[in-house]
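The structure under discussion appears below in the form of structure tokens.
Here is how names work: the chains are called A, B, and so on, in the same order as the sequence lines, proteins then strands, and each is numbered from 1. Computed from a predicted model, the values in this text were never measured in an experiment.
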Number of protein chains: 2
Amino acid sequence: MANLKSLAEHLGLSQATVSRALNNYSTVNQATRTRVLEAAQKLNYRPNSSARRLATGRADAIGIVLPHHDDLLVDPHFADFLAAFTKKLATYDNDVVLTAADNPQTYQRFAQIGKVDGFVISAPKAHDERIAVLSKLNFPFIVHGRCETDLPYGFYDIDNEGAFYDATKLLLELGHTRIGLLNGAADLMFAKQRLDGYTRAHKEFGLKTTPQLIHHDHMTEEYGYRHAQALLELDDRPTAFLCSSTLVTVGAQRRIREMGLEIGKDISIITHDDGLSSLKTENFSVALTVTRAPIRDAGTEIAKMVIDLIRGTPIDQLQKVVPVDLIVRTSTSAPKRSRS
Amino acid sequence: MANLKSLAEHLGLSQATVSRALNNYSTVNQATRTRVLEAAQKLNYRPNSSARRLATGRADAIGIVLPHHDDLLVDPHFADFLAAFTKKLATYDNDVVLTAADNPQTYQRFAQIGKVDGFVISAPKAHDERIAVLSKLNFPFIVHGRCETDLPYGFYDIDNEGAFYDATKLLLELGHTRIGLLNGAADLMFAKQRLDGYTRAHKEFGLKTTPQLIHHDHMTEEYGYRHAQALLELDDRPTAFLCSSTLVTVGAQRRIREMGLEIGKDISIITHDDGLSSLKTENFSVALTVTRAPIRDAGTEIAKMVIDLIRGTPIDQLQKVVPVDLIVRTSTSAPKRSRS
DNA sequence: ACAATTGTTGAAAGCGCTTTCAATGATTGT
DNA sequence: ACAATCATTGAAAGCGCTTTCAACAATTGT
């Protein structure tokens with residue numbers, strides 16, 4: 001396997017010159033550069049990653065710690081995010097280093113030993129320990145989402161509050177007054193933001209929210225089913241659902257159907273749609289009204305942001321909240337007159 | 001930031017001894033080791049990853065190239081696989097390096113520059129170029145699946161042929177003669193294996209397979225819907241479906257319902273169930289008969305296998321095919337008498 | 001009591017790059 | 001024509017570790 005030394009010898013040049021030629025330094029003669037490039041190509045030379053990392057101090061890699069739960073439940077959104085993120089990062093010649101064991105020490109260790117140049121933190125909680133740890137280490141990171149802290153940090157987030165405000169408002173305007181909320185896990189910021197939007201809309205209409213109508217849980221089909229069931233068994237059952245993800249909606253839909261109810265008539269649904277590539281809301285039997293923000297956009301944008309951060313862009317220029325579209329389709333309508 | 005040199009100076013020892021103490025060499029005095037370990041802890045010392053990699057020649061990382069398509073369609077199974085894989089790999093102090101750009105050069109480059117010690121190849125095609133490339137480089141890899149090559153290689157695969165043979169046989173025994181196959185993309189080995197099982201069962205019953213009943217495509221909800229529709233519009237429509245994944249089944253189910261048909265009565269369904277954590281077959285309205293092989297098992301097992309491979313276990317001991325359970329629930333029954 | 005062994009440590013040579021600094025010859029300005 | 005600049009290159013230090021080899025004291029065997 002060719003290394004720099006053998007390549008230099010082969011060319012009758014010093015390692016320094018060869019290295020410079022390969023790394024596009026302007027100080028090297030054009031003819032020499034060409035000669036080096038050709039030889040490198042011919043001998044199939046590639047600089048050793050570890051040596052380069054040691055010499056430069058850069059890893060050219062971004063870390064992501066797998067957001068796993070005890071039961072190894074995997075958020076299907078994660079795959080879409082990761083795909084877009086990885087693809088974009090590749091355009092910067094960076095790759096993604098994944099690891100499990102989601103605790104603060106993991107971040108600290110990774111930061112210290114130079115395995116990665118930065119981190120992406122996903123699904124932040126209100127007071128997220130990871131942010132505290134990385135801030136103290138002064139190690140670059142971008143948060144996918146926001147949290148409640150005074151520490152400065154870069155983030156990409158969608159306007160969850162606004163999205164669920166809009167969605168709730170639409171339902172209220174249609175005349176719904178009992179709106180079930182099938183939210184994500186309670187400790188996650190995005191769920192909190194969505195609840196805030198839901199609450200704000202109610203306030204604006206002079207309504208109080210009802211605790212029984214608000215459910216928090218992991219976003220799976222199964223939980224969608226269970227919580228929809230619980231909601232539909234209430235004496236004063238809701239006439240509309242607000243779902244936090246398409247998979248939850250699949251579950252809710254299942255329960256709704258079992259009860260012989262019809263979406264868009266007996267019960268309205270608005271779901272948040274992350275644009276999952278394998279489960280599209282356009283394709284539900286009843287075309288779903290959605291708040292839409294493709295999670296792949298987040299992956300792509302965050303890749304760019306974390307690279308910018310590492311290259312020196314100040315944090316306050318790396319704080320982005322994108323609006324969320326409300327797309328009205330046929331799963332929403334005015335509520336039926338209340339049951340006898 | 002403490003490095004080996006400063007730690008050694010602090011202790012009044014040589015770097016060599018400190019390094020040995022830290023790396024559990026038996027030749028170092030017990031008292032010394034304790035002293036070193038304590039100091040390392042106190043000074044929060046962690047060996048630099050790049051330096052260590054350069055010195056040892058190991059990266060302690062396994063590469064996975066994102067199996068993306070042009071349209072960035074992400075297989076939701078991938079998330080579950082990756083989670084299990086990453087978690088298991090962490091127990092060996094290895095992490096996962098993800099990259100995009102799925103072409104042979106990517107593998108070659110990664111192997112050469114020492115970014116990873118091995119690869120996992122997923123979703124192999126019959127004559128997979130990646131296997132040829134890595135074999136020629138003599139670079140360690142484990143295939144998730146099998147392919148048609150004379151080259152020796154390690155693999156973990158489920159018995160796709162047997163699973164779909166069993167499933168088909170069950171349907172045939174129930175009296176079905178027209179069985180729609182909603183298979184994965186045609187160029188993938190697992191789809192081929194499943195088709196083989198489907199065909200073998202037909203042969204055993206003295207039946208010929210019908211091309212119109214066999215569909216190949218990406219495994220999404222949307223395609224499930226479309227192909228189910230196509231099948232159900234046939235003059236001589238099938239009385240049973242064999243689906244390659246739960247998501248496909250969700251789509252098929254949607255179409256079936258739209259046509260006012262009932263699963264388990266009007267039409268039988270068997271689906272392959274990878275045990276996706278966010279979409280469980282137990283939870284379908286009609287409990288689904290499935291061929292079941294949790295994809296997380298693959299992730300866990302392959303992590304172990306690739307580490308074993310790197311550590312010297314011979315390839316012929318790293319070839320595993322696991323059986324697939326056929327779990328009969330209520331989505332399968334004898335066909336109704338044919339329509340008038 | 002002397003050689004042979006064992007246990008423990010340190011010096012130093014890498015691993016394969018990047019980058020600083022100095023050196024060289026060629027070019028320019030006056 | 002001589003100093004000053006420029007373009008190009010090489011020598012060598014260093015990144016922070018691991019590991020070989022030699023060194024030494026302490027122990028053992030005979």
Sequence neighbours left out, what passes side chain to side chain contact (heavy atoms under 4.5 Å, CB included) with Glu129(A)? Give chain and number order. Pro104(A)
For residues 136-146 of chain A, which residue pairs qualify under side-chain hydrogen bond (donor to acceptor under 3.5 Å, both in side chains), counting only residues two or more places apart or in two chains? Arg146(A)-Asp157(A)
Pairing residues for Gln112(A) by the side-chain hydrogen bond (donor to acceptor under 3.5 Å, both in side chains) criterion, not counting sequence neighbours: none
With a cut-off of less than 4.0 Å, is there a side-chain N or O of Tyr25(A) near OP1 or OP2 of dT18(C)? no
So if I take residues 31-61 of chain B and measure heavy-atom distances to DNA chain C, which residues fall below 4.0 Å? Thr32(B), Leu54(B), Ala55(B)
Expected output: side-chain Arg53(B) to main-chain Asp60(B) donor-acceptor under 3.5 Å: no
Taking only the side-chain nitrogens and oxygens of Asn23(B), find out if one of them lies under 4.0 Å from OP1 or OP2 of dT18(D). yes
Could you list the residues that satisfy salt bridge (charged side-chain N to carboxylate O under 4.0 Å, His left out) with Asp297(A), not counting sequence neighbours? none
Spacing of Leu4(A) atom CG relative to dG14(C) atom P, expressed in whole Å: 17 Å
Tell me: CG of Asn29(A) to P of dC6(D), nearest whole Å? 18 Å
Once side chain to side chain contact (heavy atoms under 4.5 Å, CB included) is applied, do any residues pair with Ser19(A), and if so which ones, sequence neighbours excluded? Leu4(A), Asn23(A)
Compute the angle between the rotation axes at the two ends of the helix from dA1(C)-dT30(D) to dT30(C)-dA1(D), each taken over five pairs, rounded to 10 degrees. 40°
Spacing of Asn24(A) atom CG relative to dT18(C) atom C1', expressed in whole Å: 15 Å
Compare the minimum distances between each of dT8(C), dC21(C), dC21(D) and the side chain of Thr27(B), then state the nucleotide with the smallest one. dT8(C)
Take the protein atom CZ of Arg20(A) and the nucleotide atom C1' of dA7(D), then report the distance between them rounded to whole Å. 12 Å
Who passes side-chain hydrogen bond (donor to acceptor under 3.5 Å, both in side chains) against Asn48(A), sequence neighbours left out? none
Rounding to a whole Å, what distance do you find between Lys5(B):NZ and dG10(C):P? 16 Å
Side-chain donor-acceptor pairs under 3.5 Å in residues 304-315 of chain B, sequence neighbours left out?
from: Lys304(B); atom 1: NZ; to: Asp308(B); atom 2: OD2; distance (Å): 3.0
from: Thr313(B); atom 1: OG1; to: Asp308(B); atom 2: O; distance (Å): 3.2

Taking only residues two or more places apart in sequence or in another chain, which ones pass side chain to side chain contact (heavy atoms under 4.5 Å, CB included) with Ala55(B)? none
Rounded interatomic separation in angstrom, taking CG from Asn3(B) and C1' from dG16(D): 7 Å
Proximity to DNA chain D (any heavy atom under 4.0 Å), residues of residues 9-19 of chain B only: Gln15(B), Ala16(B), Ser19(B)
Parallel, tilted or perpendicular: ring planes of Phe78(A) versus Phe81(A), cut at 30 and 60 degrees: parallel
Of all residues at least two apart in sequence or in a different chain, which pass the ring pair (Phe, Tyr, Trp, His ring centres under 6.0 Å) check with Tyr107(A)? Phe119(A)
Rounded to whole angstroms, how far apart are CG on Leu22(A) and C1' on dT19(C)? 15 Å
